[in-house]
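One-based numbering along the sequence shown. For clarity, every value in this text was computed on a predicted model and none was experimentally measured.
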Amino acid sequence: LFGSYGGVERKGLAVIDIPSGKATALDLRVSGHVHALALHEQDLLIGGSFFEVAGRERRGLAAVDTRTGDVLPWAPTVRSPMYNGIVRAMEIDGAKLYVGGDFTNATGVARSNLAALDLMTGETLPWRADANGPVFKLAKSGDLLVVGGAFTEIGAQPRSRLAALD
């Protein structure tokens with residue numbers, strides 16, 4: 001967690017102008033840790049362990065319009081019994097966003113550490129492959145979703161730390 005970049009106050013996330021290397025005027029003030037970022041068209045998707053982005057309540061997931069800096073209404077959540085859930089990895093696949101991390105619930109639906117969300121609505125999709133431990137990495141390889149983490153079972157199949165899912 002940091003509080004500034006290049007002498008400019010930024011909480012949790014800084015948007016950097018590549019040519020100059022300086023922080024842009026966009027100040028998202030994330031109230032916790034950012035663990036994952038993904039870009040979908042002009043929207044920046046943010047995943048982590050936070051409860052607020054730019055003054056708007058967001059629980060582990062948020063979307064920001066990169067042109068305007070506005071936090072978008074898209075507001076799925078991840079939760080766990082003892083704490084707010086943590087999103088550690090994200091992977092976009094067409095109209096789906098796969099999220100992995102430490103959670104037992106994705107937008108009100110039971111999911112253990114791995115879920116697929118609708119990119120437009122944020123609703124949890126029927127696809128299910130629960131992992132019995134945290135998920136740290138996600139990547140698409142053709143039609144497969146490759147998952148890495150501290151699990152020994154995923155999708156009701158024994159898999160130690162690495163799995164390829166349909």
Below 4.5 Å, heavy atoms only, C-beta onward: do [X] and [Y] meet side chain to side chain?
| X | Y | value |
| --- | --- | --- |
| L114 | L165 | yes |
| M90 | L97 | yes |
| K140 | L145 | yes |
| D130 | I154 | no |
| L28 | I46 | yes |

Distance in Å, [X] [atom1] paired with [Y] [atom2], rounded so as to fall on 0.5 Å steps:
| X | Y | atom1 | atom2 | value |
| --- | --- | --- | --- | --- |
| L39 | L45 | CG | CG | 7.5 Å |
| F151 | R161 | CZ | CZ | 9.0 Å |
| Y5 | I16 | OH | CD1 | 4.0 Å |
| E9 | R29 | CD | CZ | 9.5 Å |
| S112 | R128 | OG | CZ | 6.5 Å |
| D118 | E123 | CG | CD | 8.0 Å |

Q) Shared ILVMFWY cluster between L26 and L37, side chains joined below 4.5 angstrom? A)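 L26 and L37: one cluster.
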Q. Hey, quick one: are L44 and V34 part of the same hydrophobic cluster, counting side-chain heavy atoms closer than 4.5 Å, chains of contacts allowed?
A.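 Both belong to a single hydrophobic cluster.
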Identify the heavy atoms of [X] and [Y] that sit nearest to each other, and give their distance.
| X | Y | answer |
| --- | --- | --- |
| L144 | A164 | CD1-CB, 4.1 Å |
| V99 | L138 | C-CD1, 3.8 Å |
| D27 | R10 | OD1-CD, 3.5 Å |
| A54 | V71 | CB-CG2, 3.7 Å |
| R111 | L125 | NH2-O, 3.0 Å |
| L61 | W74 | CB-CZ3, 4.4 Å |

Under 3.5 Å, is there a donor-acceptor pair between the side chain of [X] and the main chain of [Y]?
| X | Y | result |
| --- | --- | --- |
| T124 | A106 | yes |
| S31 | F50 | no |
| S160 | T152 | no |
| T24 | V15 | yes |
| D70 | L72 | no |
| N113 | V135 | no |

Q.
Could you work out, with ring-ring contact (aromatic ring centres under 6.0 Å, His included) as the rule, every residue matching Y98, not counting sequence neighbours?
A.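 W127.
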**Q.** R88: partners by side chain to side chain donor-acceptor pair (under 3.5 Å), with sequence neighbours left out
**A.**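 Partners of R88 under the side chain to side chain donor-acceptor pair (under 3.5 Å) test: D102.
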**Q.** For N105, all residues meeting side-chain contact (heavy atoms from CB on, under 4.5 Å), sequence neighbours excluded
**A.**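 Once residues adjacent in sequence are excluded, the partners of N105 under the side-chain contact (heavy atoms from CB on, under 4.5 Å) criterion are R79.
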